[in-house]
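Residue numbers begin at 1 in each chain, while the letters A, B, ... track the order of the sequences. From a predicted model like this one, the values you see are computed outputs, not experimental measurements.
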Amino acid sequence: MKPPKRPHAPARLRRSPWLLVATQVGAERGRLVPLAAALVLSTLLPLVGPRLTAEFVDRATGGAPLDALLGLGAAYLAVAVAGQVAGIAATTAASGAAWRTTNRLREQVAGHAMRLDMGFHGRHTPGEMIERVDGDLLGLTQFISGFVARALSSVLLLAGTLVLVWRVDWRVGGLLAALVALGATVLITAQRRVVPYASAIREETAQMFGAVEERLAAAEEVRANGAARHAVRRFHEAAERVWSADVRFQVRGGAVLAGTNLLFAVGTAVLLGVGILLRQWGVISVGTIVLLFQYAQMVRSPVEDIVGQAKELHEAGAAATRVAALLAERPAVVWRAEPVSLPATGALSLRFAGVTFAYPGDPPVLDGVDLELAAGRTLGVVGRTGSGKTTLARLALRLYDPTAGRVLLGGVDLRDAGREDLRHRARMVTQEVHLFAASVRDNVTLFDERADDAAVERALESVGLLRWLRALPDGLDTRLGAGGTGLSAGEAQLVALARVFLADPGLVVLDEASSRLDAATEMAVRAATARLLAGRTAIVIAHRLATLVGVDEVAVVEAGRIVEHGPRSALVRDDASRFARLLEGVG
Amino acid sequence: MRYGAWRAGATMARFRLRRYLIGGSFWALNHCLPLVTGLLLKAVFDRVSGVRPAYATGLALLAALVAAEVGRGAVLWSALAYWPGWLQPLAARIRANLLEAVLRAPGPLAGRLPASAGDAVARFRDDVEDLLWFVDGWVDVAGAVVLTAVALAVMLSISPPVTVAAVVPLVGVLAGTRALGRLVRRAHGRMREQGSSVTDLIADLFAGVLTLKTAGAEERAVERFRARNATRRQAAVRAQLVRNLMSSLSGGAAQVTTGLVLLLAAAAMRDGRFTVGDLALFSAYAASLTNLPRWLGSTLVRQREAGVALGRLARLHPEGRLERVLSPGPFADQPPAGRLRALEVRGLTARHGGSDAGIVDVDLTVPAGALTVVTGPVGSGKSTLVRAVLGLIPVEAGGVWWNGAPVPDPGSFLVPPRVAYAGQVARLFSATVEENLRLGWPAGEEELWAALRLAQLDEDVAAMPLGLATVVGPRGSRLSGGQLQRAAVARALVRAPELLVLDDVSSALDQRTEERLWRALADAGITCLAASHRPAALDHADHVVVLDGGRVVRDRVAG
């Protein structure tokens with residue numbers, strides 16, 4: 001039984017999510033050096049260009065030899081090309097660093113999430129997990145690469161420009177700094193004012209298309225009820241609202257854009273004016289005016305980039321917080337650092353000692369369960385839905401810890417056992433078989449690279465799938481799942497059994513499959529199951545009483561308690577037993 | 001002859017030609033004004049270097065520069081504010097025509113719409129956007145052409161040999177853009193593929209998390225994930241690299257031009273034939289000149305996308321007559337209603353994908369004033385029959401006769417006021433109850449309540465907070481399944497049709513309401529053709545037709 005959905009309090013964060021990101025970026029250490037170098041070059045080189053032109057102008061008007069001028073021209077070209085190359089290198093390296101960092105985070109998040117309890121997975125669909133593992137991190141990837149490529153380099157470029165201009169003349173430097181500050185302020189405040197109008201367009205557009213979708217989904221009813229004209233009329237009305245919203249936005253957004261253009265242009269003109277004055281006072285040369293003019297033109301893009309990145313910081317921050325929140329969730333089952341080993345081979349005994357289990361905030365699902373199953377014996381568990389059968393299975397595999405009491409496997413308390421050890425020695429065949437979109441080998445070994453093909457083939461042979469395997473085009477490499485080879489329900493169950501065969505555990509928990517099979521396949525599955533359970537301890541959660549033909553013992557569960565437990569043959573013969581009565585009820 | 005993107009674009013531009021030209025002029029002017037700035041810069045620098053005789057004071061020139069920038073700002077603002085006046089009505093017209101075509105054009109609806117409503121909306125939204133984007137770009141190309149022509153003319157008048165320096169990089173940009181364009185597309189496609197591969201793996205792993213957990217295979221699964229992430233990273237970085245190369249082309253071209261200008265003008269500058277002002281002008285124009293190659297490249301891309309969009313939109317429109325998308329099609333108007341004496345179905349054969357196998361050679365008569373129920377086991381073809389009669393699905397053989405006359409196109413003929421329909425899945429729109437019932441039908445409030453009473457929904461509506469004015473539907477108050485079905489019936493009844501066609505409209509109703517509904521319909525004497533397997537419907541039917549495997553196996557008139 002799936003744990004019921006209930007409101008779940010998210011784990012509180014103790015540290016800033018950005019610390020998480022920074023740690024991963026720090027792990028990049030080695031690769032950061034070439035990135036930094038490319039970044040610095042890509043900002044320094046553009047700063048050299050204006051110096052070269054200034055030099056060129058002064059020398060050309062001053063009658064320098066042609067060679068010198070040609071040299072300067074060539075140098076300018078070289079620097080321009082080198083600057084572009086450095087820029088490409090920097091942006092590409094930044095992108096690589098961003099992807100590496102966020103990929104590590106993706107792996108961390110995925111691994112962490114997979115190890116959380118089944119309760120977590122009951123609350124979150126795979127679709128949601130895509131959002132948590134990839135969606136949020138995509139935003140972070142874009143932000144990190146953009147931050148480095150644009151924001152960092154913009155800051156460097158801006159700083160470099162201001163410093164160089166300051167060195168030429170402090171008055172012009174001050175002026176440029178004022179222009180930058182003014183430009184940034186205008187951009188930030190103006191953008192904030194304009195955002196609601198951009199949202200309004202999106203809202204009206206979403207409503208318009210939402211209505212279109214509704215009409216198209218009900219196209220037959222619309223048509224057969226003569227409502228098409230009406231639908232079109234309503235559409236026109238919605239389109240008019242979009243038009244109005246667009247105009248309102250363009251008027252304001254256009255004003256911001258034109259205004260910003262004007263601001264920087266006027267600033268440049270003022271700068272030019274000051275430069276001319278300084279020239280008249282003999283402080284600077286003509287070439288230097290050209291220099292200042294070019295630097296003045298170089299400040300606009302960096303300012304816009306920095307302001308743009310600041311906006312994205314907010315969204316990326318939200319994504320980082322969600323990622324950190326997921327990583328802060330802790331699984332309830334904690335494994336011991338120095339575990340006690342389970343017996344390495346052979347069937348394992350299973351014992352429930354006074355086990356009580358309740359999901360947090362719910363009444364107990366199991367109440368004081370005492371159950372002993374000797375090694376090598378098969379136990380069939382029956383009971384109505386909600387009686388606690390499946391929970392027994394989950395506890396036997398330590399998917400949850402009991403709220404009270406102990407579960408012992410091979411005499412070892414599960415709380416003392418090691419995770420890998422337990423997972424190897426106790427296995428479950430789930431009710432719904434999930435086949436991964438991967439090779440046959442991966443589906444049987446569950447992505448274990450160490451298993452050799454001979455062992456896999458033996459496992460498939462044990463369940464009677466060897467002939468099926470031989471008939472496959474690529475053998476063990478054949479892809480299963482969507483887009484690959486399809487399997488029938490029966491074949492899927494046999495693969496699930498093969499997984500357990502390969503693992504060779506001492507305890508098998510079999511949660512009876514829910515899919516209905518035809519008689520022949522049913523027999524094949526039953527035969528394979530019998531082979532699997534031979535010589536192993538097994539618990540069979542039966543949903544159909546017919547399944548219990550091959551078990552040694554039977555336990556009847558009712559309202560969280562074992563109300564009957566004994567050898568199957570004895571219970572069947574005893575007409576007064578609950579088991580016998582259950583059998584009669586069915587028959 | 002193929003209706004290509006260029007012809008479509010021309011029709012679109014002609015839609016409101018005056019606005020297009022005025023708006024286009026604003027944009028073209030916006031492109032060209034930097035020319036003025038360049039000339040003024042030349043004047044300023046010439047004056048500063050004292051090369052040219054001073055024909056205006058420095059201050060005046062700077063003031064002129066500022067005025068030019070103010071003018072540029074004003075032009076840009078006007079262009080931005082004016083443009084929606086052309087773009088939005090055109091977008092609305094195209095989409096409205098498409099909507100009308102889908103909903104009203106003759107022929108069966110099924111097969112015209114893509115698989116899901118979501119896909120259909122994507123066509124409306126994105127494909128139309130691609131068409132518009134294409135025509136939108138023309139004014140920029142025009143502006144860039146004028147800009148380039150004038151700029152080159154000015155530069156040639158100053159120094160032909162140096163002008164060559166400016167042109168050479170442009171050709172390089174154009175060629176480079178075409179070549180890189182293909183690379184960008186491929187790299188981008190590959191990146192998206194890898195992205196899907198990663199998200200598919202995530203979904204797969206988490207769907208099978210129980211299997212992984214019980215086998216202790218979480219870490220191994222993460223290893224696979226790591227490998228796939230690495231592949232995706234490579235594809236993404238490659239895509240980024242190619243994109244960077246692309247944007248670097250135009251960014252670098254301006255600088256390369258300046259560098260070439262320096263080289264080619266060095267000698268002339270020494271001799272004073274090429275001034276500092278000239279250098280400033282060439283440098284300023286160098287940046288502007290990269291516009292044309294960029295816009296040309298972009299237009300070619302948009303043209304390709306517009307062509308694809310046209311193909312996809314053509315499938316939405318009947319007969320793929322796309323020219324009609326841009327001007328409203330003359331769809332048949334409301335037919336005049338005449339009293340129905342009998343509706344006959346003869347030899348109707350239709351197969352439509354779905355749970356029904358289809359119907360074969362169905363003969364059936366729906367007499368006036370009677371409740372005819374078509375029934376049969378699941379999959380016998382009841383729903384298919386009803387929809388085939390209404391022309392909602394393609395018919396292979398046979399037809400429908402109205403009062404003894406054949407109906408050539410049931411989909412256009414069998415509509416209100418002749419026929420009204422409530423389908424198997426009751427769908428309401430996000431609007432008030434009143435609007436949902438009317439949907440443009442001129443009915444008074446009395447008629448609305450009468451329909452609600454007949455459909456057994458009047459009490460429910462009266463109990464709603466705002467009654468008829470309550471907003472319902474997907475984005476409004478949730479109605480129960482039974483209420484939705486009754487609302488769909490009421491909607492059809494509002495139209496006071498000669499024939500009411502119902503498909504399985506009482507499956508979500510409780511027994512008592514169901515009983516009352518069918519009794520009301522039977523007692524009201526409405527001619528009704530209903531597909532249903534419900535006992536209540538059969539009890540009140542005047543005429544029962546039984547289908548099995550798509551054929552009529554029994555046709556009896558109740559005593």
With a 4.5 angstrom heavy-atom cut-off, is it the side chain or the backbone of [X] that approaches chain B, or both, or neither?
X	result
R100(A)	both
F447(A)	both
R279(A)	side chain
R450(A)	side chain
R248(A)	neither
V222(A)	side chain
L70(A)	both
F249(A)	neither

Chain A: which of [options] shares the most heavy-atom pairs with it under 4.5 Å?
options	value
E219(B), E223(B), R238(B)	E219(B)
V222(B), V70(B), T37(B), T214(B)	T214(B)
T258(B), V419(B), D200(B), L390(B)	T258(B)
A63(B), A431(B), A217(B), A420(B)	A420(B)
Q240(B), R243(B), R427(B)	R427(B)
V209(B), L76(B), V237(B)	V209(B)

How far apart are the closest heavy atoms of A221(B) and M114(A), and which atoms are they?
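Scanning both residues, the minimum pair turns out to be CB-CE, 4.1 Å.
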
R95(B) charged N/C atom sitting above F235(A) aromatic ring, 6.0 Å / 45°
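Because its charged atom misses either the 6.0 Å distance or the 45° angle limit, R95(B) does not stack over F235(A).
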
Would you call the rings of H121(A) and F206(B) parallel, tilted or perpendicular if under 30° counts as parallel and over 60° as perpendicular?
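Answer is tilted, since the angle falls between 30° and 60°.
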
Inter-residue atom distance R226(B).CZ - E107(A).CD, 0.5 Å rounding:
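The CZ atom of R226(B) sits 4.5 Å away from the CD atom of E107(A).
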
Between the side chains of Q88(B) and E240(A), is a donor N or O closer than 3.5 angstrom to an acceptor N or O?
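Short answer, no.
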
Qualifying residues under side chain to side chain contact (heavy atoms under 4.5 Å, CB included), relative to Y82(B), sequence neighbours excluded
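In terms of side chain to side chain contact (heavy atoms under 4.5 Å, CB included), with neighbours along the sequence ignored, Y82(B) is linked to R19(B), I22(B), F26(B).
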
Do any side-chain atoms of residues 258-265 of chain A form donor-acceptor pairs under 3.5 angstrom with protein atoms, and if so which ones, sequence neighbours left out?
| from | atom 1 | to | atom 2 | distance (Å) |
| --- | --- | --- | --- | --- |
| T260(A) | OG1 | V256(A) | O | 2.4 |
| N261(A) | OD1 | R300(A) | NH1 | 2.5 |
| N261(A) | OD1 | R300(A) | NH2 | 2.7 |

Which of these, V290(A), I276(A), V57(A), sits in a side chain to side chain contact (heavy atoms under 4.5 Å, CB included) with F45(B)?
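That would be V290(A); it is the only one of V290(A), I276(A), V57(A) passing the side chain to side chain contact (heavy atoms under 4.5 Å, CB included) with F45(B).
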
Given the options A228(A), G49(A), G135(A), which has more heavy-atom pairs under 4.5 Å with chain B than any of the others?
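The option with the most such pairs is A228(A).
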
Using a strict 4.0 Å threshold on nitrogen-to-oxygen distance, state whether E213(A) and R125(B) make a salt bridge.
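Salt bridge between E213(A) and R125(B), a charged N being under 4.0 Å from a carboxylate O: no.
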
Looking at K213(B) and M118(A), would you say the former's side chain and the latter's main chain have a donor-acceptor pair under 3.5 Å?
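Side chain of K213(B) to backbone of M118(A): no pair is present.
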
Do H230(A) and E435(B) come within less than 4.5 Å of each other through their side chains, counting heavy atoms only?
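Answer yes - side chains close enough.
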
